[in-house]
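One structure is given below, encoded as structure tokens.
What you are looking at is a predicted structure, and each value in this text was computed from that prediction instead of being measured. Per chain, numbering begins at 1; letters A, B, ... match sequence-line order.
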Number of protein chains: 2
Amino acid sequence: MHIIDHIAAIPLFQGLPKEYHEDLTTIVVDQIFRRGQIIFSEGDEGNGLYVVISGRVKIFKVSQEGKEQILHFFGQGEPFGEVPVFAGELFPAHAESIEESRVFFFPRDAFIDLIRKNPSIALSMLAVLSRRLRTFTMLIEDLSLKEVPGRLSTYLLYLSEHKNENDHLILDISKGQLASLLGTIPETLSRILARMAKEELICLDGPRRIQILDRNGLLELATGERRL
Amino acid sequence: MHIIDHIAAIPLFQGLPKEYHEDLTTIVVDQIFRRGQIIFSEGDEGNGLYVVISGRVKIFKVSQEGKEQILHFFGQGEPFGEVPVFAGELFPAHAESIEESRVFFFPRDAFIDLIRKNPSIALSMLAVLSRRLRTFTMLIEDLSLKEVPGRLSTYLLYLSEHKNENDHLILDISKGQLASLLGTIPETLSRILARMAKEELICLDGPRRIQILDRNGLLELATGERRL
DNA sequence: CCCCTTTCTTGACTTATGTCAAAGACGGGG
DNA sequence: CCCCGTCTTTGACATAAGTCAAGAAAGGGG
């Protein structure tokens, strides 16, 4: 598969005339990152847009004491690192490849030119940022207004609608990473999973395999109607 | 002052040819909201963009138990309610006028047309959304990785660089609202302010008047190098 | 200028969640 | 298939912050 095919497959660039795809191939920087490798750090200058071609990337913050808060996971076709492209200034968070990942980098100026010439890309990019704002709004709501059992329930219900395999949902990330995504620590997550299992809301079958026994109970936890 | 002058003064529409300003006057909806009036609620359909002409608007979420988390305050010239315009779907949060406010509403389709015709607006809008993402990133970091004294210190230092009046900074919002912005409750905020005063980091002189005595101490709290 | 409502403060108490430490379970590479 | 490093679980404990309740202060309207 050639570079131009990967570019044509990026949702952000869908519906763009073919010649622009060709233009993009001339400026793209094709990069491979190993598991655990840092793509950029908070405070670095961001002079371009990244797109995940394969693998997975996490965007996160770290506190003084080393606690980590994951902001996003990005996979195939998803752009990241766009904030400094449009708002100037520096990256607000870190990006790390959590598995072997292939990433395309598009330098800022060429990308801005593309937007100037193609309102459809501008609208796509606006849609991407707006969805991201929505996601952040939900994360803020979770962190500020819900307890960990509520956040976990929301996540489990979300997973059950996407990555489920005949009622057994499969965690696509480690529990440590899940804790960090939910704004807590592995110990707390572990305890709450155990408590949910004891209350027969879920059944833990296998390290990354969870069965939902009482979907309604989880929903009540997620909305704050019930506490664990 | 005529409607077109207000429109020309909106930063988002700066650098737009005059004829577009005139076009906008034909579609704008001019609205006044009283203090405490709801402009839209979470879950409402959003079919246009709002801009604050005068007064102030808060964007917030509420939990089941009634706790409130403020996401933004918006003042003169700032756009809000844009997420559903670009991402489709519904408002992710509530908007309330916290004082008598004048708000212009631009219907979605006309606004999207404008963007199609003017890449410069698209770029301005991308910059607005990117800055908003940066703000949210900081809020998430605060909520997840810092304690309330750290968040408060960050806010006080921020204020001291903007709204200070010979070393006395003036809170531009009530303490209850500040608590809600910091993701806590008035009681906790009150206690922490008292504690900061006892430690001689600040001096409370008057209901909305605070003097910073130890800027460095606040900075250490804000970065997590020190605890209260 | 004073009353009444709203906002703020303070105290005693509860609780969710973080910390520290140690044991147990996985799982990939040799 | 077994071993070692990593991830996960569990326990005992510490603590930041929320709840409830009551009193104090502030501020706007008559």
For Glu147(B), the side chain to side chain donor-acceptor pair (under 3.5 Å) test, sequence neighbours excluded, returns Arg227(B)
Sequence-distant partners of Ser144(A), side chain to side chain donor-acceptor pair (under 3.5 Å), two or more places apart
Gln69(B)
Those residues that, when tested against Ser190(B), pass side chain to side chain contact (heavy atoms under 4.5 Å, CB included) (two or more places apart)
none
Please identify the 5'-most and 3'-most nucleotides of DNA chain D with any atom under 4.0 angstrom from a heavy atom of chain B.
dA16(D) to dG27(D)
Hey, can you pull the donor-acceptor pairs under 3.5 Å for the side chains in residues 199-210 of chain B, sequence neighbours left out?
unit_1    : atom_1 : unit_2    : atom_2 : d
Asp205(B) : OD1    : Gln211(B) : NE2    : 3.3
Asp205(B) : OD2    : His168(B) : ND1    : 2.8
Arg209(B) : NH2    : Glu165(B) : OE2    : 3.3

So if I define the base as every atom that isn't primed, P, OP1 or OP2, how would nucleotides 13-24 of chain C read as a B/S/- string at a heavy-atom cutoff under 4.0 Å?
---SSSBB----
Would you mind writing out the side-chain donor-acceptor pairs for residues 79-97 of chain B within the sub-3.5 Å range, not counting sequence neighbours?
unit_1   : atom_1 : unit_2    : atom_2 : d
Glu82(B) : OE1    : Arg132(B) : NH1    : 2.5
Glu82(B) : OE2    : Arg132(B) : NH1    : 3.2
His94(B) : ND1    : Glu42(B)  : N      : 3.2
Ser97(B) : OG     : Glu99(B)  : O      : 2.4
Ser97(B) : OG     : Ser101(B) : OG     : 3.0

What is the bend of the helix from dC1(C)-dG30(D) to dG30(C)-dC1(D) when you compare the axis at one end with the axis at the other, using five pairs each and rounding to 10°?
50°
With a cut-off of 3.5 Å and sequence neighbours excluded, list every side-chain donor-acceptor pair involving residues 148-156 of chain B.
unit_1    : atom_1 : unit_2    : atom_2 : d
Arg151(B) : NE     : Asp142(B) : O      : 3.2
Arg151(B) : NE     : Lys146(B) : O      : 3.4
Arg151(B) : NH1    : Leu182(B) : O      : 2.7
Arg151(B) : NH2    : Lys146(B) : O      : 3.2
Ser153(B) : OG     : Pro149(B) : O      : 2.8
Thr154(B) : OG1    : Lys146(B) : NZ     : 3.4
Thr154(B) : OG1    : Gly150(B) : O      : 2.9
Tyr155(B) : OH     : Asp172(B) : OD1    : 3.2

All pairs passing salt bridge (Lys or Arg N to Asp or Glu O under 4.0 Å) where residues 215-225 of chain A contributes a residue, at least two apart
Glu220(A)-Arg226(A)
May I ask you to test the Ile173(B)-Arg56(B) pair for a side-chain heavy-atom distance under 4.5 Å?
yes
Would you indicate whether Arg195(B), at its atom CZ, is surrounded by more than 12 heavy atoms from other residues, nucleotides or ligands within a distance under 6.0 Å?
yes
Please list, pair by pair, any protein nitrogen or oxygen found under 3.5 Å from a nitrogen or oxygen in nucleotides 5-8 of chain C.
unit_1 : atom_1 : unit_2    : atom_2 : d
dC8(C) : OP1    : Lys175(B) : N      : 2.7
dC8(C) : OP2    : Gly176(B) : N      : 2.9

Centre-to-centre under 6.0 Å for Phe106(A) and Phe13(A), is that the case here?
yes
Does anything in residues 71-80 of chain A form a salt bridge (Lys or Arg N to Asp or Glu O under 4.0 Å)? List the pairs, not counting sequence neighbours.
none
Can you confirm if the aromatic rings of Tyr50(A) and Phe40(A) lie within a centre distance of less than 6.0 Å?
yes
